Amino acid sequence: MKAVQSKLASMRAKLKESEDTVDIAAGELNQIIQKAEQMENKRAELSTQFFEIEDRFEEAKSALTGLMVNIEEGEKTFEETMKAYKIMENRVQKGANKIEGLERELEIVKESIKENEAEHEENLKTINVLEETLNNVEERSNAADTRVKDLEKGNTLLGSSRKKAW
């Protein structure tokens with residue numbers, strides 16, 4: 001019986017040891033379960049954050065797409081504006097060139113007008129001199145006509161007096 005009691009005591013000690021080991025394992029299991037629950041809570045929290053971030057990412061992507069469309073439209077508008085600017089710049093340059101040409105032509109015309117005015121004034125002076133000369137010639141011609149008529153009268157009278165004297 002002693003052997004049975006000794007075996008029983010030994011088994012009780014092993015049982016106690018096993019119970020202590022089970023208690024320790026149960027404590028560790030509880031810690032692991034608590035850690036698993038904490039990790040599950042953390043996973044749920046991170047999952048929620050992930051979905052929120054994913055939603056914000058989709059919103060940002062949508063906004064970016066809108067901005068890209070706006071940028072493309074802005075680039076097209078800028079290109080069209082630059083084309084129009086170049087066209088207007090070319091027109092302005094052509095206009096400036098045309099104005100320069102017209103200004104040169106105007107200077108030539110002004111110079112020609114001055115020359116023509118000077119020539120006109122000389123012609124007027126010449127005409128005045130010629131008119132004076134003509135008037136003088138007409139006066140001399142009239143005077144000569146008068147003398148010729150006087151001489152013709154004198155001849156006629158002389159011719160008549162000669163006829164009578166014959």
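Just so it is clear, the structure is predicted and the values come from calculations on it, not from any experiment.
With salt bridges taken as basic N to acidic carboxylate O contacts below 4.0 Å, one links K16 and D20. Of the charged side-chain nitrogens involved, at least one lies within less than 4.0 Å of a carboxylate oxygen, so that K86 and E89 count as a salt-bridged pair. One finds no salt bridge joining K14 and E17 here, because no Lys/Arg side-chain nitrogen approaches an Asp/Glu carboxylate oxygen to under 4.0 Å.
In this structure a side-chain-to-backbone donor-acceptor pair under 3.5 Å is present from T48 to A44. Checked by atom type and distance alone, the side chain of T81 pairs as donor or acceptor with a backbone atom of T77 at under 3.5 Å.
To the nearest 0.5 Å, the span separating CG on N123 from NZ on K125 amounts to 11.0 Å. In this structure, D145 CG and E152 CD are separated by 9.0 Å, a value rounded to the nearest 0.5 Å. Remark: E40 CD to E45 CD distance equals 12.0 Å, nearest 0.5 Å. Between atom OG of residue S47 and atom CD of residue Q49 there is a gap of 9.5 Å, rounded to the nearest 0.5 Å. Interatomic distance, I108 CD1 to E115 CD, rounded to the nearest 0.5 Å: 11.0 Å. A distance of 11.5 Å separates OG in S6 from CE in M11, rounded to the nearest 0.5 Å.
In this structure, K98 and K94 have side chains that are not in contact, with every pair of non-hydrogen atoms separated by 4.5 Å or more. Taking the side chain as every heavy atom from C-beta outward, L102 and E105 approach each other to under 4.5 Å. Looking at heavy atoms from C-beta onward, K110 lies out of side-chain contact with I113 at the 4.5 angstrom threshold. In this structure, the side chains of L134 and L130 stay at 4.5 Å or more apart for every pair of heavy atoms.
No single ILVMFWY cluster, assembled from side-chain heavy atoms under 4.5 Å apart, contains both F57 and L64.
When each of T126, I127, T133 is paired with V129, the side chain to side chain contact (heavy atoms under 4.5 Å, CB included) condition holds for T133 and for no other.
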- Query: Can E79 and K76 be said to form a salt bridge (charged side-chain N to carboxylate O under 4.0 Å, His left out), step by step?
  - Reply: CA-CA 5 Å; E79 288 173 6; K76 286 179 185 175; over 6 Å; no
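Annotation for E58: atom CD counts as buried by contact number, over 12 foreign heavy atoms lying within 6.0 Å.
If you check the side chains of N97 and Q93, you find a donor sitting under 3.5 Å from an acceptor.
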